[in-house]
Number of protein chains: 2
Amino acid sequence: MSIEKDIQQNSFKSPYSKAVINIFYTNNWLTSLQMEIFKPFDLTPQQYNVLRILRGQYPEPITVIAIIERMLDKMSNASRLVDKLLAKDLVIRKVCPNDRRAVDVIITQKGLDLLAELDVLQQKWEEQLYGLTECEANQLSCLLDKLRNSEPSNELEELTKKITNN
Amino acid sequence: MSIEKDIQQNSFKSPYSKAVINIFYTNNWLTSLQMEIFKPFDLTPQQYNVLRILRGQYPEPITVIAIIERMLDKMSNASRLVDKLLAKDLVIRKVCPNDRRAVDVIITQKGLDLLAELDVLQQKWEEQLYGLTECEANQLSCLLDKLRNSEPSNELEELTKKITNN
DNA sequence: AACAAATAATTAACAAATCAATGTATTGAC
DNA sequence: GTCAATACATTGATTTGTTAATTATTTGTT
């Protein structure tokens with residue numbers, strides 16, 4: 001039992017606090033890296049997230065409310081996010097014929113091309129950065145599920161199963 | 001090998017993607033819960049974080065730049081955060097006598113009392129929500145460290161070791 | 001001592017998140 | 001069919017995050 005280990009133990013109130021702080025810290029770390037990747041493409045992580053949701057649905061349209069449901073983070077302003085994507089010609093938007101309150105959003109070819117470019121970068125990023133084996137990555141997911149008292153493949157799975165290429 | 005398991009495997013590109021998305025998701029989940037706790041006290045998670053840093057230093061003062069160094073998230077506007085805390089009489093602020101460019105910040109008794117109240121809530125929150133054993137919580141921390149290619153107890157440890165009651 | 005460079009904090013400017021209010025369209029009760 | 005209630009999206013107002021510019025002080029060089 002090394003001194004370092006003692007110090008480590010003592011500086012956190014409990015293994016739970018330590019894990020929670022570590023999740024916050026790792027989340028910030030991952031987000032910063034992602035932003036670096038997206039910056040040259042003038043895309044925020046949220047915009048990227050929406051584009052991927054749209055790709056998962058392509059060539060079917062998807063309404064704004066359905067986008068909100070599938071977004072990982074609670075919500076910024078989906079309307080405004082779509083506005084931003086529209087301004088860059090990455091999506092098209094039109095009134096839904098079945099329900100004229102709703103708005104159909106579809107990713108454009110330009111949007112698909114951009115995602116294809118980013119896929120390559122994301123892939124490289126993964127390969128370079130991860131110090132985990134595949135098995136450990138799975139373990140990590142299981143522990144996070146358990147932390148949330150959630151059966152593996154519950155809400156998270158539902159959220160993502162319609163998003164291709166995650 | 002159940003169908004669910006197949007679906008689960010197929011809907012993610014790799015165990016790495018799955019783990020990263022799970023971290024984002026869990027981070028949002030934790031942040032939402034924390035905000036619910038803090039809302040009745042009119043405190044944001046960032047303000048709470050700063051208060052805990054100040055408590056860790058108490059009764060010594062700490063400069064704004066030292067607060068920034070110890071904050072978990074890169075940075076909002078530390079000056080503005082301190083302004084907000086000052087407006088609520090949770091801290092006091094005065095020019096540092098040794099270096100008149102710098103500003104010394106100290107938590108007030110009112111701030112300490114508020115944190116003490118929140119400690120209890122945080123504790124209950126932990127007890128109720130965590131589906132992990134202590135051992136699993138430690139495992140989780142180790143895997144996150146490994147994901148970041150970081151030796152356990154590196155930057156994260158340094159950041160937190162001066163903050164009591166973590 | 002004088003002056004350029006560096007440092008600490010604040011302020012300003014702009015983008016994004018958040019929440020409430022509004023404008024349409026649809027649904028359901030009667 | 002009418003009207004209240006609900007649903008979908010947008011808009012507005014406020015706060016926060018982020019970056020750069022600014023002010024004041026200190027440090028180091030000559």
Side-chain angles (χ1 to χ4, degrees), chain A residues 24 27-36 38-51 53-54 61-88 91-106, chain B residues 24 27-28 31-36 38-51 53-54 61-88 91-106:
Chain A
F24 288 149
N27 183 74
N28 288 334
W29 184 81
L30 286 169
T31 305
S32 303
L33 288 174
Q34 257 201 325
M35 284 198 295
E36 270 180 45
F38 295 149
K39 189 170 274 181
F41 298 90
D42 191 31
L43 212 61
T44 64
Q46 279 74 15
Q47 289 170 7
Y48 175 67
N49 189 215
V50 171
L51 278 184
I53 290 167
L54 294 174
I62 184 172
T63 63
V64 173
I65 203 169
I67 292 173
I68 293 172
E69 275 164 13
R70 292 182 191 177
M71 285 183 71
L72 278 178
D73 33 23
K74 269 205 254 330
M75 251 315 294
S76 74
N77 197 316
S79 290
R80 275 197 274 256
L81 268 177
V82 171
D83 280 347
K84 290 287 167 67
L85 295 173
L86 192 68
K88 296 174 200 163
V91 305
I92 54 179
R93 179 169 61 176
K94 56 186 172 188
V95 172
C96 173
N98 302 331
D99 182 343
R100 286 169 48 225
R101 288 170 303 183
V103 167
D104 277 342
V105 183
I106 309 179
Chain B
F24 288 150
N27 183 73
N28 288 332
T31 304
S32 303
L33 287 175
Q34 258 203 324
M35 284 199 295
E36 270 180 46
F38 295 150
K39 188 171 276 180
F41 299 90
D42 191 32
L43 213 61
T44 65
Q46 279 75 14
Q47 290 170 6
Y48 175 67
N49 189 215
V50 171
L51 278 185
I53 291 167
L54 294 174
I62 183 173
T63 63
V64 173
I65 203 169
I67 293 173
I68 292 173
E69 276 164 13
R70 292 182 192 179
M71 285 183 70
L72 275 179
D73 33 22
K74 269 206 253 328
M75 251 316 294
S76 76
N77 198 318
S79 289
R80 234 167 15 195
L81 269 177
V82 172
D83 280 347
K84 290 289 165 71
L85 295 173
L86 192 67
K88 297 175 200 163
V91 305
I92 54 179
R93 180 169 61 175
K94 56 186 171 188
V95 172
C96 173
N98 302 332
D99 182 344
R100 285 169 47 226
R101 289 170 302 183
V103 167
D104 278 342
V105 184
I106 309 180

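Just so we're on the same page: letters track the sequence lines, and every chain starts at 1.
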Without decimals, in angstroms, what is the distance between [X] [atom1] and [N] [atom2]?
{"X": "B:N98", "N": "D:dA24", "atom1": "CG", "atom2": "C1'", "value": "17 Å"}
{"X": "B:Y48", "N": "D:dT16", "atom1": "OH", "atom2": "C1'", "value": "20 Å"}
{"X": "B:L81", "N": "C:dT11", "atom1": "CG", "atom2": "P", "value": "14 Å"}
{"X": "B:Q47", "N": "D:dT15", "atom1": "CD", "atom2": "P", "value": "12 Å"}
{"X": "B:Q46", "N": "D:dT15", "atom1": "CD", "atom2": "P", "value": "16 Å"}
{"X": "A:F38", "N": "C:dA15", "atom1": "CZ", "atom2": "C1'", "value": "18 Å"}
{"X": "B:R100", "N": "C:dT10", "atom1": "CZ", "atom2": "P", "value": "15 Å"}
{"X": "B:L86", "N": "C:dT10", "atom1": "CG", "atom2": "P", "value": "10 Å"}

Nearest-nucleotide 5' precedence on DNA chain D, A:K39 against B:K84: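 The 5'-side residue here is B:K84.
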Ring pair (Phe, Tyr, Trp, His ring centres under 6.0 Å) involving B:F38 - partner list, sequence neighbours excluded: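 Ring pair (Phe, Tyr, Trp, His ring centres under 6.0 Å) list for B:F38, sorted by chain: B:Y48.
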B:R80: partners by salt bridge (charged side-chain N to carboxylate O under 4.0 Å, His left out), with sequence neighbours left out: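 B:R80: no salt bridge (charged side-chain N to carboxylate O under 4.0 Å, His left out) contacts found.
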Where protein sits on nucleotides 3-12 of chain D, one letter per nucleotide: B base, S sugar-phosphate only, - none, heavy atoms under 4.0 Å: ----BSSBBB
Considering all heavy atoms, the nearest [X]-[Y] contact:
{"X": "A:V64", "Y": "A:S79", "result": "CG1-N, 4.5 Å"}
{"X": "A:D104", "Y": "A:P97", "result": "OD2-CD, 3.8 Å"}
{"X": "B:L86", "Y": "B:R93", "result": "CD2-NH2, 3.3 Å"}

Paired nucleotide for C:dT27 [Watson-Crick or G-U wobble; both distances under 3.5 Å]: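 In the structure as shown, C:dT27 has D:dA4 as its Watson-Crick or wobble partner.
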Min side-chain heavy-atom separation B:P61-B:I92 under 4.5 Å: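 The answer is no; the side chains never approach within 4.5 Å.
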